Every structure is written in C-alpha cells, then in structure tokens.
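Reading through the structure tokens given below for one structure.
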Amino acid sequence: MAQRPREKTIPNGIKFLFGGMAGMGATCFVQPLDLVKNRMQVATSKEHKTSYHVIKHVIKSEGLFSLYSGLSAGLLRQATYTTTRLGIYTWLFEKASGPNGEPPNFLVKAGLGMTAGVAGAFVGTPAEVSLIRMTSDGRLPLAERRNYKNVFDALLRITKEEGLITLWRGAVPTMGRAMVVNAAQLASYSQAKQALIGTGYFKENIFLHFVASMISGLVTTAASMPVDIAKTRIQNMKIIDGKPEYKGAVDVLYRVIRNEGFFALWKGFTPYYMRLGPHTVLTFVFLEQMNLMYKKHVLGDAAAKGGGL
C-alpha cells in the first residue's frame, strides 16, 4: 500500500516559540500556587499545615499581591525551561513518528521526554534558583530576606555575591526532577490522549486535551514530588560557617524521612497538583491550539486535526 505524503511540518523555531508561550501563559494563572508549594516544601516544621493556611498567612502578613512574588522569575523559567523542553520534545516526537504519522510507543515517548527535560532543566536552572528564593523570601525574618527586585536583579546579585556557579546550584536534582517530570508528563499525556481516542468516546478537541492533561498532571505529581522537594531545599539552602546546609539530594531525602517522616516527601501534594494540574492543562491546551492554528492558517492544511503531541 502506498504511503500517504507526510503532513506539512511546523518549523523548529516556531515549535520552540510556541512551547515557551504556552508555558508562560499557563504560569500567569498558577503562580500563586507555585508560591504556596515552595513555602510548604522549604518549611522544616509544622509552620504551614495546609495550603489554605499558607495563602491566608501570606495575604495577612505580606499583602494580596505577594501571592505573585517571583512572577518575573516564573516567566523567565518558562521562557527558558519550557521553550527548550517542549520545543525539543515536539521535534523529537515528529522525528520518531512513523511514515504515516503513527506515534511512537510509550517507552520511546518516555525517552524523548527525559531527553527534552534534561536539556530544558539545565537551561532553566538559573531562573529556577531565582524563583525558589523569591517565592520563599517572605517567610524569612526581615533581616535575613534577600529582597530581590525582580528576576534580573536576583540573577545579577547571586552572580556578584555568591558566584556564577551558584546560578546552577541544584542543577543535578533539577535535571533529575526534569527527567521524571517529563518522562511522566509528556509520555503520559501522549499515551492518555491516544488511549482516550481509542475508546471511541473522544475526538481531537479541547475536551480531549483537558482530560489527557489532568491524567498527566496526576501521574506527574505522584512521580516527581520527592525529587522536587530535594531540589527546592537545595536551591533555598544557606551556607553556614562555610558549609552548605545539605550535602546533596540524597542527604535531603534521608533527613526529610528521618526528621519528618516518609510521607513528608509528598509534603505540599495538594498545592503541587493544584499548580501542576492546571499548568499542565493550560500548557498543553495552549500548545495544541497554537500548533493547530499554525497548521491551518500558515501551512494551509485545512484538514489538520491534532496539535502534534
């Protein structure tokens, strides 16, 4: 049987642009949840019992708009990390698809996700370090606060006061987290979407993207939280008498389990999922729609259905 011609493809530069725009758009909606998640993860005691308690405390002691502390860092993180990871993933996904557009199997998708995640995490670590510090600053005593004005001030001051390498502090656990997150998120999204269409009850539209995203968000949250806690605490730690607070990611996990209990590795699960779930949904919906609109209106493919994930 003759192979049908391959669909016209979106240029790689546009794929990277759409990836970053989708992530930045989603961040504008979920930044307060990122702040709540980070505050709960850096708390080493029963400082905050619930997400509601964090929100109430922040609004009361720091003001309503403090919920958006670190937004500039969050946007820069998406502009670097998400642009890279989604751009690379969509490019590799297309390369790994069959001659008639058949999607790769789950293991290949997971491998593509891990590759894209590691690359994105390395590029995005400086913005990630700034984000963790800016969202955690309000919980510190006034004398200990760093008071960064914005993400660029944070990057300049960290470089000047602590050295350039500090911008990549926690890069290894960040890349480890990214491997877990992207293998889980991107592969489970593509797989969930494929499985849902296979039931016959779904077709290629926003509702399909929403349901597949929610499934992906839940899988990703459960898989990545322990690594995320290690990353967050390392990036927020202080150097005491010339010695770092933690020796590495394994030390963080060991001390969390020893001092706070095994399930503390999932501390902040609710705000993490509340942040990751909607962020996953919004990112994939935005990305799929931008890809679809580009195929229809720029490439002239009136029959285009899928967004390419």
Side-chain angles (χ1 to χ4, degrees), residues 33-54 57-58 69-70 73 77 81 114 117-118 121-122 124-141 143-146 148 154 158 161-163 165-184 219-276:
L33 297 171
D34 209 20
L35 180 138
V36 172
K37 185 266 295 182
N38 288 338
R39 289 284 179 96
M40 291 185 77
Q41 287 186 338
V42 298
T44 54
S45 62
K46 298 292 184 180
E47 183 181 349
H48 297 302
K49 296 177 182 177
T50 65
S51 306
Y52 172 73
H53 180 261
V54 179
H57 176 77
V58 169
S69 295
R77 178 179 180 273
Y81 169 64
M114 291 170 72
V118 168
F122 182 79
T125 295
E128 180 96 12
V129 171
S130 303
L131 175 63
I132 296 298
R133 292 187 174 195
M134 291 175 77
T135 54
S136 303
D137 211 34
R139 64 179 286 273
L140 298 172
E144 295 181 22
R145 292 183 186 179
R146 297 176 173 106
Y148 299 130
I158 290 170
E161 296 167 11
E162 303 172 59
I165 299 301
T166 306
L167 292 176
W168 275 271
R169 177 181 289 171
V172 173
T174 299
M175 290 190 285
R177 170 190 176 274
M179 288 177 69
V180 175
V181 166
N182 285 276
V219 170
T220 308
T221 300
S224 66
M225 274 217 72
V227 191
D228 191 66
I229 283 181
K231 173 199 72 69
T232 299
R233 292 205 180 177
I234 287 174
Q235 291 177 329
N236 193 57
M237 71 180 176
K238 291 184 175 294
I239 306 298
I240 303 167
D241 296 327
K243 294 182 179 180
E245 191 177 349
Y246 299 106
K247 296 175 184 176
V250 175
D251 184 42
V252 176
L253 297 176
Y254 170 73
R255 286 162 65 175
V256 168
I257 294 171
R258 185 187 66 185
N259 300 329
E260 302 166 53
F262 179 72
F263 289 104
L265 293 175
W266 284 270
K267 182 187 287 185
F269 184 94
T270 303
Y272 190 81
Y273 180 64
M274 285 172 61
R275 180 237 176 237
L276 188 64

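What you are looking at is a predicted structure, and each value in this text was computed from that prediction instead of being measured.
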task: Decide whether Arg255 and Tyr246 meet the rule of one side-chain donor and one side-chain acceptor closer than 3.5 Å.
output: no
- line: Output for pair (Ile132 CD1, Met237 CE), nearest 0.5 Å, gives 13.0 Å
Mutual orientation of the aromatic rings belonging to Tyr273 and Phe269 [parallel < 30°, tilted 30-60°, perpendicular > 60°]: parallel
- prompt: What distance do Leu265 atom CG and Leu253 atom CG have between them, rounded to the nearest 0.5 Å?
  reply: 6.0 Å
statement: In terms of heavy-atom contacts, Ala178 and Ala121 come closest through CB-CB, 3.5 Å
query: Are more than 12 heavy atoms from other residues, nucleotides or ligands located less than 6.0 Å from atom CZ of Phe122?
result: no
field: From OH (Tyr81) to CG (Leu131), nearest 0.5 Å
entry: 12.5 Å
- prompt: How many angstroms lie between CZ in Arg39 and CG in Asp137, if you round to the nearest 0.5 Å?
  reply: 8.0 Å
task: Go through the structure and list residues passing salt bridge (Lys or Arg N to Asp or Glu O under 4.0 Å) with Glu161, not counting sequence neighbours.
output: Arg157
field: Which atom of Pro173 lies closest to which atom of Ala249, heavy atoms considered
entry: CB-CB, 4.1 Å
query: Is any side-chain N of the basic residue among Asp228 and Arg177 closer than 4.0 Å to the acidic one's carboxylate O?
result: yes
Atom pair CD1 (Ile229) and CD1 (Ile234), whose distance is rounded to the nearest 0.5 Å: 12.0 Å
task: Would you mind reporting whether Arg233 and Glu245 have side-chain heavy atoms less than 4.5 Å apart?
output: no
query: Would a 4.5 Å heavy-atom cut-off, applied to side chains only, mark Val129 and Leu167 as touching?
result: no
field: Min side-chain heavy-atom separation Arg133-Ile158 under 4.5 Å
entry: yes
message: On a heavy-atom basis, which atom in Met134 and which in Ser69 lie closest, and how many Å separate them?
response: O-CB, 4.0 Å
- request: Compare all side-chain heavy atoms of Asp34 with those of Thr135 and state whether any distance is below 4.5 angstrom.
  value: no
OG1 on Thr125 to CZ on Arg77, rounded to 0.5 Å: 9.0 Å
task: Locate the shortest heavy-atom distance separating Trp266 from Ala222; write the atom from each residue and the value.
output: NE1-O, 3.2 Å
